Amino acid sequence: KESGNGPGWLFFSPAMHDRIVERVRLECELRRALEQDELRVYYQPRVVLGAGIIGMEALVRWEHPTQGLIPPADFIPLAEETGLIVPLGEHVLRQACLQTRAWQESGFHNLRLAVNLSARQFQDPHLCDLIGAVLTETGLPAEWLELEITESTVMNDLETTVHTLERLKQLGVHISIDDFGTGHSSLSYLKRFPLDTLKIDRSFVRDIANDADDAAIAGMVITLAHALNLEVIAEGVETHEQAAFLRDQSCSVMQGYLFSPPVPNDQFEALLADRRWT
Ligand code: C2E
Ligand code: CA
Ligand code: CA
Ligand code: CA
């Protein structure tokens, strides 16, 4: 083509070409990262004021040899698109279960581990077998594992979701709904699904102490959880005011920078040994 205005030229615009090249490059790098064991599991404590650390959420990071620590937002979406999230998620699950078992055996018996599951993993027909196998292999009793799934994941195909959740419940693991309230979905699924916990999204916690609307939404989620006999956790707790407000609304389990950001396992051990927030 002689002109830069033809449809062919539009399609292969340099910017698009660069984006595709960048994507392919990142995908190759991510495959390599899995093979070379560059993914690290960080842990963020879950705290009950007065009782201390009752568990933690596993959050993955990529320790890139030249780019340093890459946050999950920069590679989880691509891992989901390409299906790499399945082996990646399995790696995180196995690492985190092994680590939790080791902490339990060193004396912290009542630590519950929460692991994030993406929609792609949840739809994988081998999911339940995999989780059962990892629990057996690592020796972590199922009751100490919690799987965090989002509303959009459970709203995909209701029949399959009920079936999968029931199989997971039979294993004995806990199920929580992550980012609760952000999914624009109806609440009716709450009574159909065997759930254990609602996690109040960080966006409602942020202004909880000075925005009446956010306070009302958070209060409603807490009331709803209690009425349905579910546990409730607040995420993104950054200030003493937020923590006090949540405690007054009888939301006792909290997670956020006020306590600690996600940290590598040695730093998490230091938090445990410290017996802080007890
Ligand atoms: P998420 O599951 O909602 O995790 C909570 C995010 O909030 C984490 O970001 C955490 O570091 C951050 N956070 C915790 N406390 C605070 C706080 O007080 N203030 C603020 N501003 N942020 C806080 P992170 O680690 O960057 O993870 C981002 C997202 O990536 C996660 O959101 C989750 O959707 C995804 N992700 C992380 N690890 C995994 C994984 O192993 N598997 C899957 N499927 N997704 C993961
Ligand atoms: Ca989560
Ligand atoms: Ca969340
Ligand atoms: Ca989130």
Side-chain angles (χ1 to χ4, degrees), residues 30 33-34 38-47 53 55-63 68-100 112-124 127 130-131 134 145-154 174-183 196-209 218 221 231-243 245-246 253-265 267-268 271:
L30 194 52
L34 266 166
E38 290 170 10
L39 298 175
R40 299 284 165 265
V41 183
Y42 276 42
Y43 299 91
Q44 185 178 38
R46 285 180 170 180
V47 170
I53 297 175
M56 60 281 170
E57 178 175 358
L59 293 154
V60 70
R61 270 100 183 89
W62 178 359
E63 211 171 81
L69 211 59
I70 305 180
D74 292 355
F75 63 90
I76 290 284
L78 181 76
E80 280 169 353
E81 269 177 60
T82 55
L84 277 173
I85 192 70
V86 173
L88 188 158
E90 178 177 341
H91 177 78
V92 170
L93 178 74
R94 183 171 281 113
Q95 287 295 309
C97 286
L98 256 182
Q99 183 59 261
T100 302
R112 191 197 289 165
L113 166 69
V115 174
N116 292 285
L117 272 197
S118 79
R120 190 84 173 234
Q121 290 173 277
F122 190 77
Q123 285 149 17
D124 181 9
L127 175 73
L130 170 75
I131 288 171
V134 169
L145 176 63
E146 177 172 312
L147 302 172
E148 295 194 359
I149 52 186
T150 62
E151 281 170 273
S152 55
T153 298
V154 295
H174 288 248
I175 309 286
S176 65
I177 299 292
D178 204 354
D179 307 339
F180 184 75
T182 61
D196 301 284
T197 306
L198 302 182
K199 285 192 86 173
I200 307 175
D201 190 66
R202 178 164 96 223
S203 60
F204 303 123
V205 173
R206 193 183 308 125
D207 294 321
I208 205 170
V221 176
E231 290 174 29
V232 60
I233 299 179
E235 66 177 8
V237 180
E238 295 183 353
T239 68
H240 290 287
E241 290 72 31
Q242 292 164 343
F245 184 95
L246 289 158
V253 187
M254 304 180 206
Q255 206 183 313
Y257 295 166
L258 174 63
F259 307 103
S260 168
V263 291
N265 49 5
Q267 286 179 44
F268 190 78
L271 292 178

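None of the values given here were measured: they were computed from a predicted structure. Each ligand, and each atom within it, is numbered from 1 in the order the structure gives.
Under 4.0 Å from ligand 1, not a single heavy atom of Val115 appears.
The shortest side-chain heavy-atom distance between Thr182 and Ser203 falls under the 4.5 Å cut-off. When side chains are defined from C-beta on, Val221 does not count as touching Phe204, because their heavy atoms never get closer than 4.5 Å.
Counting only distance, with no hydrogens or angles, the side chain of Gln242 and the backbone of Glu238 share a donor-acceptor pair below 3.5 Å. Remark: side-chain polar atoms of Gln267 are not paired, donor with acceptor, to backbone N or O of Pro264 under 3.5 angstrom.
If you check each of Arg206, Arg61, Glu238, Gln121 against atom 21 (N) of ligand 1, the one with the closest non-hydrogen atom is Glu238. Of all the listed residues (Pro72, Gly256, Ser118, Pro71), Pro72 holds the heavy atom that lies closest to atom 26 (O) of ligand 1.
When each of Met56, Arg61, Glu57 is tested with Pro262 by the rule side-chain contact (heavy atoms from CB on, under 4.5 Å), just one qualifies, namely Arg61. A side-chain contact (heavy atoms from CB on, under 4.5 Å) with Thr150 is found for one member of Leu117, Ile177, Asp179, Asn116 and no other, namely Asp179.
Residues Ile175 and Asp196 share a closest heavy-atom pair of N-OD2, 2.7 Å.
Distances below 4.0 Å separate heavy atoms of Asp179 from the following atoms of ligand 1: 3 (O). Ligand-side atoms of ligand 1 in range of Glu57: 2 (O), 4 (O), range being under 4.0 angstrom from any heavy atom. Taking every non-hydrogen atom of Val237 and a distance limit under 4.0 Å, the qualifying atoms of ligand 1 come out as 18 (O). Close contacts of ligand 1 with Val92, meaning ligand atoms under 4.0 Å from a residue heavy atom, involve 41 (O). Numbered from 1 in the order shown, with element, the atoms of ligand 1 that lie under 4.0 Å from a heavy atom of Gln44 read 14 (C), 15 (N).
Among the atoms of Glu148, an N, O or S atom falls under 3.0 Å from the Ca ion (ligand 2). At a cut-off of 3.0 Å, Asp179 coordinates the Ca ion (ligand 3) through an N, O or S atom.
The shell of residues lying under 4.0 angstrom from ligand 1, judged by heavy atoms, includes Gly236. Using a 4.0 Å cutoff on heavy atoms, Pro262 counts as a contact of ligand 1.
We find that Arg46 and Glu231 are not joined by a salt bridge, their nearest charged nitrogen and carboxylate oxygen being 4.0 Å or further apart. Salt bridge absent: Arg120 and Glu80 never bring a charged side-chain N and a carboxylate O closer than 4.0 Å.
For ligand 1, one of its N or O atoms has an N or O atom of Tyr257 under 3.5 Å away. Remark: ligand 1 and Val60 share an N or O pair separated by less than 3.5 Å (distance only, no angle test). Considering backbone and side-chain atoms alike, Arg202 places an N or O below 3.5 Å from some N or O of ligand 1. For a threshold of 3.5 Å applied to N or O pairs, the pair formed by Asn116 and ligand 1 contains at least one separation below that value.
Between Phe268 and Tyr43, the ring planes are tilted. Angles from 30° to 60° get that label.
For the atom pair CG (Leu271) and OG (Ser260), the distance works out to 5.0 Å, reported to the nearest 0.5 Å.
With the Ca ion (ligand 2) as vertex, Asp178 OD2 and Glu57 OE2 subtend 180°, rounded to 10°.
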